[in-house]
Structure formats: C-alpha cells, structure tokens
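In the text below, chain A, chain B and the rest are named by the order of the sequence lines, each starting its count at 1.
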2 protein chains.
Amino acid sequence: MTQRITVVEKILSANDRLAEENRTRLDSNKVFSLNLMASPGAGKTSLIERTVKGLSDQLRLAVIDGDIATSLDADRAAAAGATAVQINTGGECHLDAVMLQNALINLDLSNFDLLIVENVGNLVCPISFQLGTHQNILIASIPGGDDKPYKYPAMYQGVDVILINKIDLLPYVNFNMDYFLRGVEILNPGVISFPISCRTGEGLDAWLDWVVQKVLACRV
Amino acid sequence: MTQRITVVEKILSANDRLAEENRTRLDSNKVFSLNLMASPGAGKTSLIERTVKGLSDQLRLAVIDGDIATSLDADRAAAAGATAVQINTGGECHLDAVMLQNALINLDLSNFDLLIVENVGNLVCPISFQLGTHQNILIASIPGGDDKPYKYPAMYQGVDVILINKIDLLPYVNFNMDYFLRGVEILNPGVISFPISCRTGEGLDAWLDWVVQKVLACRV
C-alpha cells in the first residue's frame, strides 16, 4: 500500500510540474483558459456550443476536447465556430497535464483569447489532475440530482465556478435547490454559480459576461 | 510505459481471481447478484428503491452501496426495506472485487435471494473491474443524452442489461431514441434493454419480472 501511495504521489507531482508549464505557456500568450468538468451528459458540449456562438464575434476561441473514443464533441465545437482539437484518451477517465501539453502543440496560442478544455465526463478523477488552466468549471445538472455535492465532495471543493444546467427541467424532476446549494456552500463557501439552461438559453448572458470579464483581465 | 501496463495487468488479474472467489461464494449460497453501474445521477439509487419495494414481499434482498464519501445511498436502500451495507471507497472511482469481498463479510448470504451492488457513479472505470456478480447492469438516462453509447463504448459493450431511465422526460429534452439504440446495437448486439421511469413507475414491471425469473433460475 505504501508503495502504491508513493507511485501515485510521484505521478501527481510530475503532473503538477507539467501543469505549471502549460500555465506559463498560456499566460505568455495571454490566453485565458477553462477546464470544464462534469458528469457524462450534464451538458459540457452544449455549453461549449453556446459559449462559442455567444462570444465568437468578440473573442478568438479554441476548444480542446477530451474524449475516450470519438471526435463527436470536437466536431460539435468546430461546427459552432471554434478551432477544435481532439484528445482521445484511449480509455483514461480524465485528462492530465501531459495530454493537454501534447494538444497545445497543435494550436498557435498567439491566435486565441480563450481556450476551453472539455474534460472526460466523470465527477471523480478529473479534479485530481490539474491541467494548468486558469479556472476549474463544474457543470451540475438538474436531472442529475440535488445530492451530488454531498456525494462528490472533492469535485465540488476543487472548482472555481459551478454552472447549474438544465434549469428548464426543474418543473419535471425532484430537485431541492436549497439542499443542493447548502451542500455547495459547505464544501466551497462563496463559490460563483450560474443557473442556466443550454437548451433554452436562460441564464447564459451572465455566464458569457463573466467569461468576457475574465478574458479582459487576463490581457492586462 | 511498459512497466505501467505490467502493473495494471497484475492488478486486473488479481482482481479477476478475487471476483471468481466472490462468485463462488454467491453461487454456493444461491444468491443472484447484480452490479449496477451508471453515470452520477442516472438513477441507480432510485432503481434500487423501486426494486426493493417491488420485490421485498417475494425475495430477501441485500444491497451493497459503493460511494466515495457518504452513506446517503445505503440509507435510502435501507429505508426502502433492504439489508444495506456501505462501502466508502475513500476517493476511488470504482468498486473492485476486494472491496466487494470485504463487504460480503458483513452479510450472512444464506439469508438472501438477491444482492444488488451499487457501483460508484462513473461510465469509465467500473466496467474494467469485474466484481464476481452475475450480471452487469447499466442505467442510461434520457437527459444524459443519446450519444452516450458512442462516447463510452467499453461500458456499453460490457453490460448484460441496459435500463433506459427517465423516459418521462422524453417530451422535454432532445433525445433521439433511434440514434441511441443504433449505438447500443452496434456495440452490444441483442443486449436486453428496458425503458423505464423510476419517477412514474412506467416500465418497471418488465424489469422486476426479469429479476424474479433470474433469481428463480439461480435457485435451481
């Protein structure tokens, strides 16, 4: 057991070093970057589509999509108007800093203002592997249930922003928003959250404003 | 890289040996067992509640709940009327055969007909670790999206039954059932599937009948 812990620690420490290199590269090109995490089906790709369509007249956007097997998500990001790069993880359940580093080689960062990295759909592993991006973003979803902060505390503790997606489904499912937000507040006091619906567009303006402000601040 | 693959193979082979031991233990007690897998929030615990309530007058049920941090799911299974044992994985994103072996110590298997094991919410890792249970069950969910077979092929290939949950939400989301089922059929031809709603109860009778038939066959 001790040996296993040592190996895991070494992997994480190597990952952190590479994450720092990624951050330096992004900073030197004044590219603001997001690591988008969520359960499968919470709406990561839909949010990327909405964000690309909403901001492509103001910002130059790149998307890096982590997926186990397909390029479906990168195809959707490209169709929405972003420059998209696919990472096929070959079965790995999370991205790590070296995967991002290899993907960044395919982008001339001087051409972009905003990079969105779509992690593998998973509420457990991705939060343990920092990528070097500026902000960790979690998409929760209404049909996913109000107990998720309590059940996946490391994820809820480790993010900078929580998007609460599919609020258009609130009338049709049992979801106690107070219970959900209480869990969030215990784990991550004061974290920024945006209730949204990628389907109807509700709440997305506030999210897009936040992104633009962050990109502008990154340029200074 | 070679060294890493060797280590992973050794872990899997040790896991498979322990899974066989678990199966022998279940078989010798004539306990039929299910390994329930799904994305977070697809409805694993709701299905367990429905199954326990629907069958507890005919069958003696035990539930083993794998969770990262809480006993919320085991509490719900116990409240529904099952004997429930909690496994806290301490951050691991899947159950494995040794975790199940340790949990089985807490159950006198001669007292049960059916064991349901609720895996950690994750569409990637759980399918790589056989537990020794008789059938692998996947819960897909309508709001989780119709592209999931294509994006998580190992999971869709590795299961014996697919429950398609939250069909009551079909009118409110974009979900192309033909596209979903085409992906399922490519990956896992002829796999048994049940469209259900744990919220409204629709379709659950067919699922419960299937479980009962399997339990009866296991007793012969």
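- For the atom pair CD1 (B/I142) and CG (A/L169), the distance works out to 12.0 Å, reported to the nearest 0.5 Å.
- With contacts defined as side-chain heavy-atom distances shorter than 4.5 Å, the pair A/Y172/B/D168 does not qualify.
- Listed in order of number, the residues of residues 178-200 of chain A that approach chain B to under 4.5 Å between heavy atoms are A/Y179, A/R199.
- Here the CG atom belonging to B/N122 is positioned 8.5 Å from the CG atom belonging to A/L123, to the nearest 0.5 angstrom.
- Heavy-atom pairs under 4.5 Å with chain A peak, among B/G145, B/G121, B/A42, B/G43, at B/G121.
- Heavy atoms closer than 4.5 Å to chain A are found in both the backbone and the side chain of B/P143.
- Of the residues considered (A/D147, A/N174, A/V120), A/N174 shows the highest number of contacts with chain B, using heavy-atom pairs under 4.5 Å.
- Within 6.0 Å of CD on B/Q157 lie more than 12 heavy atoms contributed by other residues, nucleotides or ligands.
- Within the 4.5 Å cutoff, the side chain of B/M155 has no heavy atoms near those of the A/I68 side chain.
- Across every non-hydrogen atom of A/C93 and B/V124, the tightest pair is CB-CG1, 3.5 Å.
- Contacts of B/K148 with chain A are made by side-chain atoms alone, with heavy-atom separations under 4.5 Å and no backbone atom involved.
- Comparing B/P40, B/G144, B/S141 by heavy-atom pairs within less than 4.5 Å of chain A, the highest count is held by B/P40.
- Taking both residues in full, the closest heavy atoms of A/Y150 and B/A69 are given as O-CB, 4.2 Å, listed atom of the first, atom of the second, then distance.
- Rounding to the nearest 0.5 angstrom, the gap separating the NZ atom in A/K151 from the OG1 atom in B/T45 is 4.5 Å.
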